[in-house]
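What follows is a set of notes on a single structure, which appears directly below.
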Amino acid sequence: MAERGRCPECGSAALVEDAHYAQQQLVCAACGCVLAEGLLTTTYTDEEHLREVAYSQSTGQKEQLSRCLQRGIRRVQDLCKVLQLPTVFEETAVSYFQRALQHPSFHLVSLEKKELLGGCCVFVTCRQHNWPLTMGTICSLLYAKQELFASVYLSLQKELGLSVPALSLGDLVKTHLNSFRLFQHAADVPAPFVEDKEKMVARTMQIVELASETWLVTGRHPIPIVTAAAFLSWQSLQPPARLTCTLARFCKLAGVDLPPPAHLRLKELLEILLRMASQLAWLRVFKVDKKTVVKHIGDLLQHRIFLLKNAFCLEDGEEQRAAAPGEGSLGGRCPGSARAAGGAAQEDGCPSEGKRQREGGPRPLLPPCLINPRKRLRTAAPSAADSAVTGDEPISDSEIEQYLRGPEEIRAFRKAKAW
Ligand SMILES: [Zn+2]
């Protein structure tokens, strides 16, 4: 037994257990030799000595627990340690995991899914405590495919009846900005590009709030929005030196990934800011555009509520009613215009209306998917004639015969498939 506590390479007794990602390892502290990986269980007495013990040798204290459950609990605990979560989280996540494995719907799932189940429990716990852990982070730690993780996560949520609050954007801004390398002087970051962290977090938060108020957040992935907002806030804090820097270069300098939708979010944010700028008399004189509006972001954010109220008409309900009578007659020519509540960009069928809306007075504050619908919107609900079919109507022979092959067709088909 004493032999087990020594490193076979150098004989040192200093063995430590190390949670490398979610993989438990027994490592020699003296020479770094990995003695064992993926421990299944330890007994309570041996836990102090950090020694590997086979399940059959265990004291039996945990014998009522299945091997799979013990292994899973271990993984959940390791994951919490790797993510440096508070101890309370670990207990909650473990209890969710135990509950989930007792549930019949998780008994027969694949081992791969069972491994992800632990990750899902940690993820749910973090969300419930407003801890900004993203699904992307946990998937990369578990080497999991996002689709598979999402399916396990959704069934866990359904089976245990868990209510999971949405990601807190404010917390996400703070943690995401932590990974930006722009707050200290470094060899590859030019001096004017270095920014104060507090200032940048505060302004990014304001821009993200603005995005949320103007329907740019709902239904979208939050990270690209935070990235675009961080870029705008960084530019606006020192415009002369930074206006020429692109989003791509900014992300590269900051050492963060550039998620593809961030470009679109940036464009949408700039559009909102331009609309707000058009409401300030002293900015109207300058004829601000997408580049120059960045200089005034500080001003615009300060008067955000007032400017938003003026830049967008809030009576979209009224407009919809006004558009409704025209729907019948115009339906064929420009579908969707009424549904988009007089939205700005329209299909080529009615360019005049689109143009007038884009340049003229305030447009309603709507999510971008309603203003620029990618698909042709359905013009009307299924008509009354369609729903009047009972299913008892007579079926004529000729109607059935058109689905049968004729002798000529049978011959041709046989020739094509020469078996
Ligand atoms: Zn050693």
Side-chain angles (χ1 to χ4, degrees), residues 132 134-137 166-183 189 193-239 241-278 288-302 304 307-308 311-312 344-345 365-372 374:
T134 62
M135 214 181 255
T137 307
L167 191 63
S168 145
L169 269 178
D171 293 330
L172 185 67
V173 166
K174 269 185 236 151
T175 48
H176 192 58
L177 288 195
N178 271 339
S179 57
F180 283 57
R181 293 186 309 130
L182 288 170
F183 310 117
V189 180
F193 282 12
V194 177
E195 188 49 73
D196 179 58
K197 194 170 158 187
E198 300 289 307
K199 270 202 224 162
M200 184 143 155
V201 168
R203 181 156 288 185
T204 306
M205 204 93 94
Q206 283 182 311
I207 297 181
V208 169
E209 276 167 25
L210 175 74
S212 160
E213 282 161 16
T214 52
W215 292 106
L216 300 185
V217 174
T218 310
R220 264 82 171 277
H221 198 294
I223 291 288
I225 294 163
V226 174
T227 308
F231 172 63
L232 275 180
S233 82
W234 173 79
Q235 274 198 320
S236 69
L237 284 168
Q238 216 171 298
R242 297 171 184 172
L243 268 185
T244 52
C245 183
T246 62
L247 177 60
R249 187 163 170 236
F250 165 78
C251 286
K252 215 174 155 198
L253 281 174
V256 292
D257 287 335
L258 171 56
H263 280 289
L264 293 171
R265 299 299 95 87
L266 179 64
K267 206 174 138 232
E268 289 163 358
L269 268 171
L270 284 170
E271 261 163 38
I272 296 284
L273 289 166
L274 272 176
R275 280 203 164 260
M276 288 164 71
S278 71
V288 290
D289 60 21
K290 285 193 171 196
K291 274 258 176 251
T292 49
V293 76
V294 176
K295 288 187 224 167
H296 309 287
I297 284 181
D299 283 342
L300 294 172
L301 287 174
Q302 211 177 337
R304 174 173 105 204
L307 291 176
L308 276 181
F312 297 96
L365 189 50
L366 289 169
C369 61
L370 282 182
I371 300 158
N372 307 307
R374 221 182 284 173

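Keep in mind that what you see is a predicted model, and the values were worked out from it rather than measured. Basis for what follows: all heavy atoms, side chains included, without hydrogens, waters or symmetry-related copies.
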Practice prompt. Could you pull out the closest heavy-atom pair between Leu253 and Val189, with the gap in Å?
Written response: O-CG2, 4.1 Å

Worksheet item: Any sub-3.5 Å donor-acceptor pair from Asp257's side-chain atoms to Pro259's backbone N or O?
Response: no

Discussion item. So does Cys369 get a backbone contact from the side chain of Trp215, meaning a donor-acceptor N/O pair under 3.5 Å?
Written reply: no

Worksheet item: Yes or no on side-chain contact (heavy atoms from CB on, under 4.5 Å) for His263 and Leu247, after CA distance, side-chain angles and deciding distance?
Response: CA-CA 8 Å; His263 280 289; Leu247 177 60; 3.8 Å; yes

Worksheet item: Between Leu266, Leu210, Val293, which is the residue that forms a side-chain contact (heavy atoms from CB on, under 4.5 Å) with Leu232?
Response: Leu266

Fill in: Euclidean distance, Thr292 OG1 relative to Leu274 CG, rounded to 0.5 Å
7.5 Å

Worksheet item: Between the side chains of Asn178 and Thr175, is a donor N or O closer than 3.5 angstrom to an acceptor N or O?
Response: no

Response to the item:
CH2 (Trp234) and NZ (Lys199) are apart, to the nearest 0.5 Å, by 14.0 Å

Worksheet item: After noting the C-alpha distance and the side-chain angles of Asp196 and Leu237, does the key distance pass the side-chain contact (heavy atoms from CB on, under 4.5 Å) rule?
Response: CA-CA 9 Å; Asp196 179 58; Leu237 284 168; over 6 Å; no

Worksheet entry | Interatomic distance, Ile272 atom CD1 to Ile207 atom CD1 [nearest 0.5 angstrom] | 12.5 Å

Item to complete: Please list all pairs passing the side chain to side chain donor-acceptor pair (under 3.5 Å) test where one or both residues lie in residues 201-211, with sequence neighbours left out.
Response: Arg203-Ser236, Thr204-Ser233, Glu209-Arg304

Item to complete: Look only at the side chain of Gln235 and the backbone of Cys245, and say whether a donor-acceptor pair between them is shorter than 3.5 Å.
Response: yes

Worksheet item: So which heavy atom on Leu273 is nearest to which on Leu300, and how close?
Response: O-CD1, 3.7 Å

Practice prompt. Rounded to the nearest 0.5 Å, what's the gap from CG on Leu301 to NE2 on His296? Could you check?
Written response: 13.0 Å

Item to complete: Using the salt bridge (charged side-chain N to carboxylate O under 4.0 Å, His left out) rule, collect all pairs that involve residues 241-254, keeping only residues at least two apart or in two chains.
Response: Glu195-Arg242

Practice prompt. State which residue, out of Arg275, Lys290, Arg220, fulfils the salt bridge (charged side-chain N to carboxylate O under 4.0 Å, His left out) condition with Glu268.
Written response: Arg220

Acceptor/donor pairs from residues 221-231 side chains to any protein atom, 3.5 angstrom cut, sequence neighbours excluded:
{"residue": "His221", "atom": "ND1", "partner": "Ile223", "partner atom": "N", "Å": "3.3"}
{"residue": "Thr227", "atom": "OG1", "partner": "Ile223", "partner atom": "O", "Å": "2.8"}

Item to complete: Take Phe250 and Phe193, measure what side-chain contact (heavy atoms from CB on, under 4.5 Å) needs, and give me the verdict at the end.
Response: CA-CA 9 Å; Phe250 165 78; Phe193 282 12; over 6 Å; no

Item to complete: May I have the step-by-step check of side-chain contact (heavy atoms from CB on, under 4.5 Å) for Val208 and Leu172, ending in yes or no?
Response: CA-CA 10 Å; Val208 169; Leu172 185 67; over 6 Å; no

